[in-house]
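These notes are about the structure you will find just below.
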There are 2 protein chains.
Amino acid sequence: MLMTAKIESFVMHCGEMGSRWGFNRTVGQMYGLLIIHEQALSAMQISEALNISRGNVSMGIKELQSWRLVQVHHKPKDRKEYYSPAGTIWEMATRVFEERRKREVDPTLSLLRDNLLDEPANEQELFAQEKMHEIHDLLETITHWAGELQSMSPDKLNTLMKLGAGVSKVIDMKDKFIKKG
Amino acid sequence: MLMTAKIESFVMHCGEMGSRWGFNRTVGQMYGLLIIHEQALSAMQISEALNISRGNVSMGIKELQSWRLVQVHHKPKDRKEYYSPAGTIWEMATRVFEERRKREVDPTLSLLRDNLLDEPANEQELFAQEKMHEIHDLLETITHWAGELQSMSPDKLNTLMKLGAGVSKVIDMKDKFIKKG
DNA sequence: CTGAAGTTTCAGTATTTTCTGAAAGTTTAA
DNA sequence: TTAAACTTTCAGAAAATACTGAAACTTCAG
């Protein structure tokens, strides 16, 4: 048996949350299992642990690979492929964010930009464009700052957090600094 | 006709993205329509604009209300209810974040905490707990910093962004400051 | 009260998404 | 070159999700 009750509860929870994070239940479970399991696992082991078909595992791995979330290993004298999560927890979170941005935010930004190029044809379109402009700017701001956070090490963030430094404080400081300089 | 071609493209896009942001296609379309439309709309108008049943609109409004994203209006001499988006774009984004955190992150944090209370029963569970701990800390850090960003006005963020201020630079600065002081 | 004008609910249906398992494809040792 | 050991693909089945429309419910003016 690959999972104790506690581990199973975590894996199933990843399944339920999985769809929220951009993949489906099974892919979520697979990912949870790989994270929680010290050794890399073969497709067959995954299929047995989660009670899903071998084909489904293959598709799930492919999906996780498209998110750059798994690594493949080979053992000597063994033809099977073994899978494990790629990178640290922080790196994985970063990748999920990035991929989601590509899939969710980028197309929206591009649609908004296209729409904003045209002249509004009437009152109604003028209002619509104003709103689209607001959304566009907001999305740009959010992706910018998200990128900033991602570029920092989690250790650094944690340390600062524990020092009680809120972003706002830090930024106030910067504000003063800029005005002074 | 309620929508020009350009407006329709935006509304349909919201439908496609909708499911990514936590609701379904129709609810996404409804929300897009309300945002882009200057006047508040009645359920019947929404139903006609989007070609969906009256019942579906009712369910969609209920869903949007559970996210605190719509406002109801009444017009004198008119029994119908009219709907419009609640608050500014920034406030709406903030609400979506908050609600998603409640639905996605909070349950995970609580599961992780529960699991971390128990003593690991073996080597395998020890490893699992270490990973869960990492995830737990990461989620806490992320929610903390997300909250910080949300608490700031978008204007301020934009201004700073345009000044070319990266968080990391700011934080380095603060770091030195702390060491000096 | 009554009934007109509206909203909500929900059983059944339609649509979309996911999963299975068998067939096709790939790789490698001999 | 063969065949065993493995992986991938994909058509069809199953499951999950969303939608419709008619009935039930609510509200309010007269």
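Here is the naming used below: chain letters follow the sequence lines, and residue numbers restart at 1 for every chain. Side chains included, hydrogens not; waters and symmetry mates left out as well; all remaining heavy atoms used.
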[X] side chain to [Y] backbone, donor-acceptor under 3.5 Å:
{"X": "A:Gln129", "Y": "A:Glu125", "result": "no"}
{"X": "B:Glu98", "Y": "B:Gly147", "result": "no"}
{"X": "B:Arg20", "Y": "A:Glu104", "result": "no"}
{"X": "B:Ser47", "Y": "B:Ala43", "result": "no"}

Round to a whole Å and report the spacing from [atom1] of [X] to [atom2] of [N].
{"X": "B:Lys75", "N": "C:dA5", "atom1": "NZ", "atom2": "P", "result": "18 Å"}
{"X": "B:Glu81", "N": "D:dC25", "atom1": "CD", "atom2": "P", "result": "19 Å"}
{"X": "B:Asn51", "N": "D:dC19", "atom1": "CG", "atom2": "C1'", "result": "13 Å"}
{"X": "B:Leu50", "N": "D:dA18", "atom1": "CG", "atom2": "P", "result": "16 Å"}
{"X": "B:Ile52", "N": "C:dA14", "atom1": "CD1", "atom2": "C1'", "result": "15 Å"}
{"X": "B:Lys77", "N": "C:dG6", "atom1": "NZ", "atom2": "P", "result": "14 Å"}
{"X": "A:Asn24", "N": "C:dT20", "atom1": "CG", "atom2": "C1'", "result": "14 Å"}

Query - B:Met17 with A:Leu116, same ILVMFWY side-chain cluster at under 4.5 Å - result: yes

**Report entry** Shared hydrophobic cluster for B:Tyr82 and B:Leu50 (ILVMFWY, side-chain gaps under 4.5 Å)
**Finding:** no

Report task. Would you indicate whether A:Arg25, at its atom CZ, is surrounded by more than 12 heavy atoms from other residues, nucleotides or ligands within a distance under 6.0 Å? Result -> no

Query raised in the report: For A:Trp67, is the NZ or CZ atom of A:Arg100 found under 6.0 angstrom from the centre of its six-membered ring and inside 45 degrees of the ring axis?
Result: no

Requested in this report: Locate the shortest heavy-atom distance separating B:Ala49 from B:Leu33; write the atom from each residue and the value.
Outcome: CB-CD2, 3.9 Å

Report summary line: Residues of residues 26-48 of chain A with a heavy atom under 4.0 Å from any atom of DNA chain C, listed by number, are A:Thr26

Query raised in the report: Is the shortest side-chain N to carboxylate O distance from B:Glu81 to B:Lys75 below 4.0 Å?
Result: no

Query raised in the report: Ion pair present between A:Glu99 and A:Arg103, side-chain N to carboxylate O less than 4.0 angstrom?
Result: yes

Requested in this report: Hey, which sits more toward the 5' end of DNA chain D by its nearest nucleotide, B:Phe23 or B:Arg79?
Outcome: B:Phe23

Query raised in the report: Over its full length, what angle do the end axes of the helix from C:dC1-D:dG30 to C:dA30-D:dT1 make, each axis taken from five pairs and the result rounded to 10 degrees?
Result: 10°

Query raised in the report: Looking at DNA chain D, which of residues 53-67 of chain A put a heavy atom within less than 4.0 Å of it?
Result: A:Arg54, A:Gly55, A:Ser58, A:Met59, A:Lys62

Report summary line: Looking only at C:dT20, D:dC6, C:dG6, the nucleotide nearest the B:Lys80 side chain is C:dG6

